[in-house]
Each structure stands twice: as C-alpha cells, then as structure tokens.
Chemist: 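Okay, here's the structure, questions in a sec.
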Number of protein chains: 2
Amino acid sequence: MSDYSVIGKSVPRLDAVPKVTGEARFTADLQLPRMLCGKILRSPHAHARILNIDVTQALKLPGVKAVITGKDTPGHKWGVFPYTRDQQMLQTSKVRYVGDEVAAVAAIDEETAEEALELITVDYEILPAVFDPLEAMKDDAPLVHEELKSNVHIHVPIQVGNVEQGFAKAHLIREDTFYADEDSYFMSEPYAVAASFDHAGNLEVWCPNAGPHMKSKPLSNALNLPLNKVKVRKICIGGAFGGRSEICPADFICSLLAMKTRRPVKIVYTREENSIATRQGHAMITTIKTGVDKNGVVVARDIKCILDGGAYTSTGPIAVSVPFLCHEQAYRVPDVRFNGYRVYTNKPIRGMIRIHGRSFACGIDQQLDRMGQELNIDPVEMRLRNARQPGETTSTGSYVASCGMTECIQKAAEKIGWKEKWEKLPPYHGIGIGINSVQTGFPLGIRGGSQAFIKFNEDGGVTVVSGVVDNGQGNDNMLIQVAAEELGMPMDQIELLSADTELTPNDPGSYSMVTTFAGGNAVRLAAQDARAQLFDLAANQLEANPADLVARDGNIYVKGSPDRAVPIPKVVRRALIKGKPIMGRGSFSPQVDHRREWVSNPHGQLSQAFSFGATAVELKVDPETGQVTVLKVVAAQDCGYALNPRMVEVQFEGGVAMGGQGGMLTEHHEWFQGHCLNPTMLDYKVPLACDMPPIETAIVETLDPAGPYGAKEAGMSVAMSAAQGYAGAICNATGVWYDRFPLTPERILEGLENKQLAEKKNEGPIN
Amino acid sequence: MSDYSVIGKSVPRLDAVPKVTGEARFTADLQLPRMLCGKILRSPHAHARILNIDVTQALKLPGVKAVITGKDTPGHKWGVFPYTRDQQMLQTSKVRYVGDEVAAVAAIDEETAEEALELITVDYEILPAVFDPLEAMKDDAPLVHEELKSNVHIHVPIQVGNVEQGFAKAHLIREDTFYADEDSYFMSEPYAVAASFDHAGNLEVWCPNAGPHMKSKPLSNALNLPLNKVKVRKICIGGAFGGRSEICPADFICSLLAMKTRRPVKIVYTREENSIATRQGHAMITTIKTGVDKNGVVVARDIKCILDGGAYTSTGPIAVSVPFLCHEQAYRVPDVRFNGYRVYTNKPIRGMIRIHGRSFACGIDQQLDRMGQELNIDPVEMRLRNARQPGETTSTGSYVASCGMTECIQKAAEKIGWKEKWEKLPPYHGIGIGINSVQTGFPLGIRGGSQAFIKFNEDGGVTVVSGVVDNGQGNDNMLIQVAAEELGMPMDQIELLSADTELTPNDPGSYSMVTTFAGGNAVRLAAQDARAQLFDLAANQLEANPADLVARDGNIYVKGSPDRAVPIPKVVRRALIKGKPIMGRGSFSPQVDHRREWVSNPHGQLSQAFSFGATAVELKVDPETGQVTVLKVVAAQDCGYALNPRMVEVQFEGGVAMGGQGGMLTEHHEWFQGHCLNPTMLDYKVPLACDMPPIETAIVETLDPAGPYGAKEAGMSVAMSAAQGYAGAICNATGVWYDRFPLTPERILEGLENKQLAEKKNEGPIN
C-alpha cells in the first residue's frame, strides 16, 4: 500500500479555500443577463379539486413576462420508474398536499413575481384529506390518486427460505413495532434552479444535483427535447444526502418559463419551500418479529414496514427496499420475510435520505439488545454472532466480496471501552452500539457506468473529463487524486472538468454511494490508458520495455533505475510531434444483476460492493430535562481503502452529526392538518459544530477486489449506525426501551415517567 | 462517391439563422457581472523614447480600478518563434509606431476609461523615424530595434539547382520589379477581448481567434501560468483571414487588467485600432528575373522580395516565405533562387493575410504574360506548359500527391470563353487568368495534430468534442457532417463542442488552411472508432460479422439486407447496459517534415497536401475614369473533394471578393509620416455584395489520398489567383503592363496616360 504516492494520503481539499472565503458560487448566486425571477404558486390546501385558474390579472401586471399553469406543460406525468408516473409538474385537476405546484410566474424582479402570484385566482373545491398512513390504508380513506383505487401504491414483498419453519426452530421470539417521524436534509444551500433557452433549441439548466445526467434525462423526456439539447451544468453544490437525486418540479417549471420568455429564469426556494417542496425522509412504522436460538443467533425474521409517502411516489420503490437491504447486508438471516408498503397521504413528498429508516434500523438493533438482555448476551456479542462475513451471500442474492463488519464492531467496542463500561456505569449514563451496511451503487434503469476522458496540454498538464458531480463530499479531489496516482503526476498539474451533460461523458450520478467505486474506477482506467501510451513512447526514449516503467513525481523511469528517467512533459511533446497525442479513456460499470427490479424481482446481485459500519456511543441523560449529553462517539467503518483518510474521517464525522446527533436527538417534522409546523432553521433543530461530541474514528480497510485501490463507500454506514448507537445508549442509560424516534427530550422524559409509573404500579398501592 | 449520405451534399449551415437574425453573440457583446471596460493608451509618435510615464492622476479618477504600464508585466518579449521575440506587450523604453501600446486602464465604464487615458502623462523624446523599407535598409537609417544593429531582421534564402546555368539555357530572359501596398482584412467584427481571473488562478479569455490552443500557449508563457489554468473560450467569430492567428497585445493587457482587478475586463477595439493595432498585409517589393525556353517553359528564376514589416516581427518568417512557396507549388521551376527580406519600419505590424504577396503573385503571372506575348504564346498556354503536375516534387522538396492545376486552368479558360475572346475583344475590354496554389497546413513548432473525442447520450444523440474553431468559414458544419457520415446518423442528432482549451482536446488552429484536412480527419477517425464499437455490439444483435455492417439513416444493417437492421440508439443503450459505453477518439497530424524551418532549413515536406486554383476574369476599363467593370469571373479550384459544394462555392466567392474585387481594385492603406490615413470603413474601400460581379465556379476534385474523403483546402487559391486574374485582365484591356498594385482608378488612368505619352513620343514631335 505504501507504494502509492498520492493515494492514501490526506491531501487537502481543493475547494476548501473558495468555500471558506465565500468565493464559491452556488445556483442561487448565478446571474445571467436579462435574467428573470421565477416564483411558484403552491396549494394552500392539503387536498382539493382545482375548479378554475385565472391568470388574467397576473399577466396584466407590468414586469410580468410569463405566467404558466398545467395547460402550458406537455402534460406528461413524471416518475422515476415507468410504473410510478404519478406527478404532474403543475397540477391541472387536483392538489394533493399543502405546497403542491399550481402555477408559476417569471417577472423582472422578486417583488413583481410575488405580487403576480397574489393576482392569480384559483378556485378550489376542498376535499377530505388523509394524513396518517394507517388511516390512509383503510377502505374508506379519501383517495389521494382516485385512478389507483388504493392509497397503497408500492408493495415490496420479499421472502427467502421458510420463515415459519425458522420461527419453529427459535429459542426466543419477540415482536415489536417501532415508529419514526419524517426528517429533513436541511442542506445550508437552498434549492435553486436557473434555466436558459436559446434559439437553436438548447436548454441550459443549473441546479444542485446528485448527477447532471440524471437530471437531463427526465427534462428531455418531459419537455420533448433530445438529450443533447438539454445541458445540465456544473455549479457548486451545498450537499445532497439523497435529496438531490430526482428531478424537481421547479427544474421543469423554470425550464418552461425560460422557453416561454426566451430569457434566463431563476427560481430560488424559500426555506419553507425547501422543507415542503423538495424530497425529505419518510415517516415509517416497522413491525419486526425476530427469532433467535439460545446463543442469540437470529434464525428467522418477519418484517412489515409502512412508509408515509406523501402525495406522490418519487423514489418510493427504492425507499421501501433500502432499509431492508441494509439490514440483510449487515446481519445474517437464513429465513426472512419482508413486506414493505408505501402509502399516499396528503402530505409533502418523501424520498431518499442519508439516514433512511430510523424505525427500521433502530428497531432491529433495539430488539436484538432486548433479546440479548433476556439471554444475558451483551449487545456487542449479539452483533458479533450475527454479523455478515466476507464471502457470504445476502438473503436476496448479493455476493459480498469484502466485509469488515466484525472488525468494525470490535474496534468500536474497544475504543469506547465496552468491556470496562458495560453494565458498570452509574444511572442515566449508558453506552450503545449500532451496526449497518450500505451499497456502493445499485441499478436504476439504464444508468450505465461512469466514463472518463483524459487529455494532455502541450506543457504536460492534464485535464480529466468526468461526468461525476461533487455535492460537497470531495469527489473532485478524489478524481484528481486517482489520476495523479496513475499518471505519476503532482495533483496541481491536473485539472478536472466534471458534471456537465454537454461537456463530459456519462456518469450514473453521485448517489447510492457509487461515486468512488464507479467514477473513481473510470478515471483510473482512463489514466492507465493514457499512461500506457506514455510508456510506449518513453520506452523508446529510455530503451526499455514498457512493462519495466514507472511513473512518479512527474517522471517516467525504469524500475530500479531512477537515473534512467524522462520527464512526462517531454513525452507528451514527443507524442504531439509524432502525431500520436496522448488521449486516455476509461469506463466502469459495477457488475450487478440487471434483471433485478425493486418490486417485481428483488433478487440477484444488487451492488458490486458493500461497506460496513459500527458506531458506539457513550452518553448521559438528564432525568430532569430529558437532555442528552454525548460524551464520546466511536465511528468505525470498512470503507475498503481510505483514498484520502482525512476526507473519510470527515465523512464519518458528518455521518455522526446527521445520523446520531441530529437524526436521533432532535430532527423531525411536526404537522397540523398537512401543514408543516417547523419548516425553518429556527424551528427544526439541526446540530451545529458546537453541539457535536468528541468523535473518534476507526478506518477499517478490507481492500475490495473491484473498488479502486480497494475503496468502497465512506460515511453512510456510519450515519445509519450512529442513529442506532445513539438509541441503544439512551435505552441503556435510561433503562427504557423506546420505540418512537427521534429521541427528543420530551420523549425521553415521557419514557422515564412511564417507567416510574410502571414501577410504582408493580410496587402496589401505597396506602 | 455517390455512396455517401451526407458528405458531398450542400447541407445548410447551422449558424446561418443566428447570424442573420442577430442572435449570434461575438466577443464585443459579452457581458459578465462586474465587468470593467479596458482601454489602451497608444503612442502618438512613430518613433520615440519613453522618458517617463505618470499614471498618478489617472489612478485618482473615481471609477478607475487599475492602470498598468510595462512595469506591471512579467517583462517577457513575445514572438512567434524563439528567434523573433521582439515585442513587449506594453512598451517600457521606446515606441516604434503610431499606435504602439504604452499603458492601459480598467474602469467602470467606457467614458471613465477614456478620461483616465487622457490623465496619463507620457514624456517622449521624439526620434527620427523610417517609413520606407528601402530607406530602412540603408546603413544610416534610424534603427527600429537598436540592439539588432539592422532593420533587416528576417532573411529567407532559398536556392535549388544552379540558377546561373538555368539562365544560360534560356531563350528569353526578363527582369521586372513589382510593388504592392499594405492591405487590411476588415472583418466586420471588431477585435475584442474579455478576460476573467479567479482566486484559483484560472484565467478565462474570450477573443476572436484562429485557434484557442494557439492563444493559450503564448498567454501561458507570457503570464507564467500553467497551460491548464489558461482557458481560451469559444464565442462567435466574425472572420479571421490570417488576422487572428497570433496573440495580440490586447489579449495580454486585458488578462493583466483582470488579474490585477480580480474583475472581468473587456477591451473592444475602435475601427481605427482595428486598422493599426492588429496585424495587416505587408507592402512588398518583388524583383523577378525569369528565363524561359523558346516554348515558354520556365527554366530558371531569381526572385528578390522586400517586405515592409512595420515595427515588430510577428509571423515574419512565414510571411516572407509563403508567396514563394505558393509560387513553387503552382509552377514548375528547375533552377530557382529566392531571397526574401523583411524590414522593420516605424509603421504598424504586418502579418499573414489571405491574399498575401500581391506584388509577388501578380508579378510572376504578369511577367509570364509579357514573355508569352514576345513568344506569341497566349497566357492560358503559358500556364499549361508550366503548371504543376501530380506526383511531382516542388523545388524545396514537397511531394505533391494530388494536383488538378491543369484541369483548373482548362475549366477556367473554357468557362470564360478564352478561345473565343483572346485578342478578339474591343479596346478597353480584356480577359486574364491567374493561377496559384496553397498549403493545407504547415509545421509551426509543436502544433501537434488535431484530436477529437466522441461521446453518446443515452438516447443515441452524439456529442463531438474537437478543438477546431469556426472563424466563420463553416468548420462547425463540416465537423458535424463528417461525424454524421461516419456514424450513419442525421446531422441534427449530433452536437458539437469545440474550440475551448479547457473543454476540448488540442487542435493546431484554423489557419494555414489545415482545418478540414487535420480537424476533419481527426473527427472522422474518432467517429470510425465509435462506429467500430457500435458494429461490434450490433454484429452480435444481428448475428452478422462486423465487417458486413453499414451505418446509415440512424440504423446499422447488414450490407445488402436492409431488413436486418438495428437502430443506433438501441445499440447505444445496449452498450450502456453491458458496461461498454461507446466512446470514440481520433487524432490526425499531417505528415510533414518537422526538421523543416522557415529561415534555417526551408527544405523538406512542407505540407501533406496542396490545393490549386485558377481564376479567369473578363472586364472593361473606362478610359475616362479608370473605373473597372467586371463582367464575369470564373473561379476554378482543386479542393480535393467538396464535402459541402455550396460551402466550397461560397469560399470561392469570398475569395474573389477579397482577392480580386477588393484586393486588386480598391484595397490599400495610405500613409503620412507613419499615420494611417484611411483606417475606417468610410475611407478604406471594401467591396460590398452590390459591388460583386457575376461569378461562375468550377470545383475540381482530385481526391487527395490523405484528405478526409479526398478533401483539401477551399477558397484561398481562388483568393490569390483572383488578384492575378484581375490584374492580367486589366493589362489585357488597357495594353498597359502595370507594376503597382492594387490597380485603383488613379493608377489605371496614370498607366493609360503614360502609354499615350509614350506612343506620342514614338510618333515623334507633332509640330
């Protein structure tokens, strides 16, 4: 490993300075000549029929350049899958949640645009609404989409082995139900989109996105434009966390306004719109029945999961499946059944989120801890006995080539001082551990692989051309580091051109944790291709065999003879003179089973590699206030190989912030009649740097055979296991088995009060 | 040939509509946020020492953001060749022509920038100046560059065979001297440059250019920036004609102002600046001694050429050589000597121009006509007997693989009705013919070849990525046409990404007539590479051999079985699913002798292919006014193969306008003490569409073995031979052998008057 010159080193991030100084520009900052301000009129009702929309007065307002309604759209409904096309970009007949898109305006400034919105008259017939997924599943519930006859629109059924036989063999069986609320990403960057349309029919779009090629496709489909006329551009992006994967109605609306006005248009979401009109995490009810043998080894599981999907399907089939898939990767289960349901309600639309399925993951771990308690096996031991091992195959058929689950558990336990502390801590002081596993990419229609080109300047400088987008996690750095390693060149001689559907080749997008695996491999292959061309020429100059050459520090030299060297720029110039310029190309597609489908065929290789994480937490609970003080967090993850250890650690730290400190202690949405009560940063508590506990990290390296240099995903299995670890530690500290997440002070206190009441009841009447 | 589906068809130009409607944007139109206006302070003196520059008052003017002088530059002198580095971007010690750059300002608007220029005080010590190259060659002439000890800074000596022995064999020898004035390009687009510099050290530059990669290199060198930090961008360009090949002081100054202010800066030249501060055509004095045998076949030539270079060298070595090289390509000459001198004077700098060396080319043809007259051989016959034939090698060693010179002469003669009209026309009505030949590219340091990438969208749409720039001649169309042909796809499914040093791979630039040859071949190879990948996949789907497949009309089918077909988008999607995305690449470098050097070694293969043209002209001269009325022009050219016949014809028509109608009848600069007297479009007469004569074109196709589909250059050998044809026809009409070009009405009248005087003299005294 120590053979690498750049890979495996904590090189600083190239975007650190512009982001710290404020020089970095985001979509909301974009200014184009003659740009108009776009604003969207949203439904004030949770469920209503649209009787009439009158835009006459709005159009008369000076400065208003366009007003559009659903009639101005091509009429397509959009959906991630052919069988989930249920969302119009502007509603024509019904609104289904408070915030649903009804009309939009483009005007010369924000004030005029807002005034125009007020001048649009919409006649609604208010309909009965449903806000609870269990209510929505009832036969007499109002139908969110009448034509579908049911509010249950996604059902993922998985059955492997014989669950009944499994339970029959069990020594101990428990069934519990767990609940979790909706949660938000709360990126500091507000959602914004700018669009421009020229007379040659080119649509240019700038927006925060997790994959420009994944935005251009639905835009092309919905607007009837060829893909190469839809140019989704790169601009700084302030976080994605699963929330920038999909097309957003605003993308489409902004494009339509630009096409209608033939002027650039920009829409910037208010903080309220960010909370209601982008995707957020699902509320989820999970019932888990688990059977274990007398050693605590799980023999069977039956899981039922109900997701509150809100008004439209979005990535529903994936969202329903992922919590189960993460679970089946982390834990061995011979006989298992899963039924996941996503239910429409008259609430905002839910999608993917980095810490997805809190009730599921925390439920699995919590239940295991309870069963361990009955069997007198501690949580660490319970996990070690059930943890996934390398070389195994998951229940639904994914071969796991590399797996450091056991090592992660051991490291987390060791560093938190598990043996010294378990059952030895004073009251209201506890420790806990959670484990999880995530995919490094999964198939999503024709996502194809990641592709890269490499070109050389005459002075030896390199440009890497890749479709990969950097959402803030440091992908740009990673790609340059990979190219630098393969080409044996300093990073500052390598420029990156990325994430633009016109300029760069295809990439499947920076979500589903695939980027390092696919994008990194593609750039690596392109660089190796270029290097082979360099070596062919240099071999001639050095009178050596290309196979004996090494590229390092800007030179190519003969292995073992550092004096027999030629500088790379010299080889590049020689190539130009000889008319054989160096041009590299590479592509990489993860080996997955393309027949696998989320609903109709959830079997086969899901992802080529899986990462594994364990988070151990030590904390204190104040029994008077329910406040939690986290003393220490240990985040251990098998990321395959840390290409940039500091960046990996930062991902771990972010995972703890999002999954644990925010996701388990404070973050959840509150509702009244479909209205979100805490849409802003003042009401919705996201942890700040000053709120964060001390975090110790442990990088576990298993060198995945297919990952670039062995690398897989970094950070998400920490984010998920952090939630579980926090929950476990709170239960341990309080002696209460909580079943509703997140664990806000109110809920912790309620649990403590109930426990006291129950204890009193057991003591019998006082009198 | 008829096998092609797109190539060889007159497909309309993609840029026609935006250029006609005014939607097209040029550099002068570019607006960036916070952009400043840049202005340059120029020398009012032809030759003066700079004693002091005081910018204090200018800096105090509110709204002025930067003032720079030579002290703010890194101090490099710039030159196209290492041995011609004589120009500072801002002068520090001397000014050498009226217009020389002294200082520059960046201010919030144009008025402020102009006011600031007036507040800069420069103390000059005026020096004696020299304006005539023959004067400048004298020992006691003022030295434009003292350190060089002589104003003669370029001397290109060529000698092939034994010229004295050649003349000894001659039946008839003539020696004549010809003169031509300076001329201008007069693009309708004014020169403009915009620059922006960010905190990551990236310099972005937009400017009309004939090759962005040829602009980025000198900027990188002069500003000490790595090449991949200098990003020369594409924008619409309104003509080049040889005048956009070089870096321009404004490019450098604008970049410096942007770097100093950290704001975007734009400099737009006034029409006067366009005439004095960009490159223009040389004034030239050419002495030609030719010996012919009794059949009119040239046996020896000795040519001496003096070019008025103005204050700096620019592309001097090339400019001195090209007229001779064109001549040696067009005409066989066994024994030949050439001595070309470029001389500094205190006048604006001269460079390359599309019709270059009017005194040279017209002199050669005129002298040949005179000798033919003495031998009673008509001009067409004289040319046929001396014309270059395919398979021959030029005097300086270039093998000529394809050559349609003879056919061009025959076609031009036939279409003008030569046999019917020669010596049969009434007085002041004449015909003439000129012939010439140009290169398709020549070596210029490490220009390398042209490179191209091809990528596919998921829907089957294609993006071609090429460094080639379109200066207005239709290169974009050509590249898309080539890709469409090779991929068997409609042109509207192909997008082009071109001419940007960051986004595209290298290209040697759209000058020296190389673009179709190199850029077209590179794109063709990239498309063939992509097609081979498509065929590999389709072969499997069609159960056929890849070698038996054909791509056409968006489908791949088995040769001879159009029913066994698969649509290309289907193959592209299959490639994505299989993880083998289609990615094409290609590069092409013309096969030339890289040891060849303009001054030190003018021998070896200059260019891989040569085009040949003949222009025949019929016209009338009004003996009272000297006005010429052109009745008909026939432009015949061997362009190898016409990829787009209409675009080739348009190039011919433009050639006649620039070389003949403008270049021979009206266009020349007039001077007083180094001041240009006619810098504007009102004073300098460029022909308008309404001035143009009827033009008949004849495309001669010789299918060059290396050109794409056999194509070579189109238009420039017409431009050059048009000047010669116009001159020949005027001499024929007037019976006067003119030796000063262009032939303005004043000169024509003067010639006629001299002729009458001479005739009267011969008649003896009247009294």
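All chains are named by letter (A, B, ...) in the order of the sequence lines, taking the proteins before the strands, and each is independently numbered beginning at 1. The basis for the numbers below is simple: all heavy atoms, side chains too, and nothing from hydrogens, waters or symmetry mates.
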Chemist: Ion pair present between B/R25 and A/D198, side-chain N to carboxylate O less than 4.0 angstrom?
Modeler: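 Between A/D198 and B/R25 there is no salt bridge, as every charged N stays at least 4.0 Å from the carboxylate O atoms.
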Chemist: Give, for atom CG of A/L576 and atom OG of B/S589, the distance between the pair rounded to the nearest 0.5 Å.
Modeler: 7.5 Å
Chemist: Can you tell me which portion of A/P33 sits under 4.5 Å from chain B's heavy atoms? Options are side chain, backbone, both or neither.
Modeler: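 Interface part for A/P33: side chain.
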Chemist: For a quick test of reading the model, state the closest non-hydrogen atom pair linking A/N228 to B/V462 and the distance between them.
Modeler: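 Nearest heavy atoms, A/N228 then B/V462: ND2-O, 3.2 Å.
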Chemist: So which residue, A/K580, A/K455, A/H213, A/K229, ends up with the most heavy-atom pairs under 4.5 Å with chain B?
Modeler: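 Between A/K580, A/K455, A/H213, A/K229, the count favours A/K455.
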Chemist: Could you tell me whether a side-chain N or O of B/N506 sits under 3.5 Å from a main-chain N or O of A/F456, the two making a donor and an acceptor?
Modeler: no
Chemist: At their closest point, which heavy atom of A/A452 faces which heavy atom of B/M583, and how far apart are they?
Modeler: O-CE, 3.3 Å
Chemist: Does atom CZ of A/R262 have more than 12 heavy-atom neighbours, drawn from other residues, nucleotides or ligands, at distances under 6.0 Å?
Modeler: yes
Chemist: Does any backbone or side-chain atom of B/E502 lie under 4.5 Å from a heavy atom of chain A? Answer side chain, backbone, both or neither.
Modeler: both
Chemist: Examine whether an atom of A/T21 lies under 4.5 Å from a heavy atom of chain B, and if so say whether it belongs to the side chain, the backbone or both; otherwise answer neither.
Modeler: neither
Chemist: Taking all atoms of both residues into account, what is the closest heavy-atom pair of A/E495 and B/N202, and its distance?
Modeler: OE1-OD1, 3.6 Å
Chemist: About how many Å separate OG of B/S216 and CG of A/N457, when rounded to the nearest 0.5 Å?
Modeler: 7.0 Å
Chemist: Taking the side chain as every heavy atom from C-beta outward, state whether A/D529 and B/R585 have any atom pair closer than 4.5 Å.
Modeler: yes
Chemist: Is chain B contacted by the side chain of A/V17, its backbone, both, or neither, given a heavy-atom distance below 4.5 Å?
Modeler: neither
Chemist: Hey, are the side chains of B/L227 and A/E458 touching, using non-hydrogen atoms and a 4.5 Å cut-off?
Modeler: yes
Chemist: State, to 0.1 Å, how close B/P581 and A/Q451 come at their nearest heavy-atom pair, and which atoms those are.
Modeler: CB-NE2, 2.9 Å
Chemist: Which atoms of A/I494 come close to chain B, meaning under 4.5 Å heavy atom to heavy atom: side chain ones, backbone ones, both, or neither?
Modeler: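 For A/I494, the contact with chain B is made by the backbone alone.
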Chemist: For B/P18, is it the side chain, the backbone, both, or neither that has a heavy atom closer than 4.5 Å to a heavy atom of chain A?
Modeler: neither
Chemist: Find the distance between CD (A/Q31) and CZ (B/R34) and round it off to the nearest 0.5 Å.
Modeler: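 Reported to 0.5 Å precision, the distance equals 12.5 Å.
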Chemist: Need one label for A/L30: side chain, backbone, both or neither, based on atoms under 4.5 Å from any heavy atom in chain B.
Modeler: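 A/L30 has no heavy atom closer than 4.5 Å to chain B.
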Chemist: For A/A526, is it the side chain, the backbone, both or neither that has a heavy atom under 4.5 Å from a heavy atom of chain B?
Modeler: neither
Chemist: Please classify the contact of A/Q493 with chain B as side chain, backbone, both or neither, using a heavy-atom distance under 4.5 Å.
Modeler: backbone
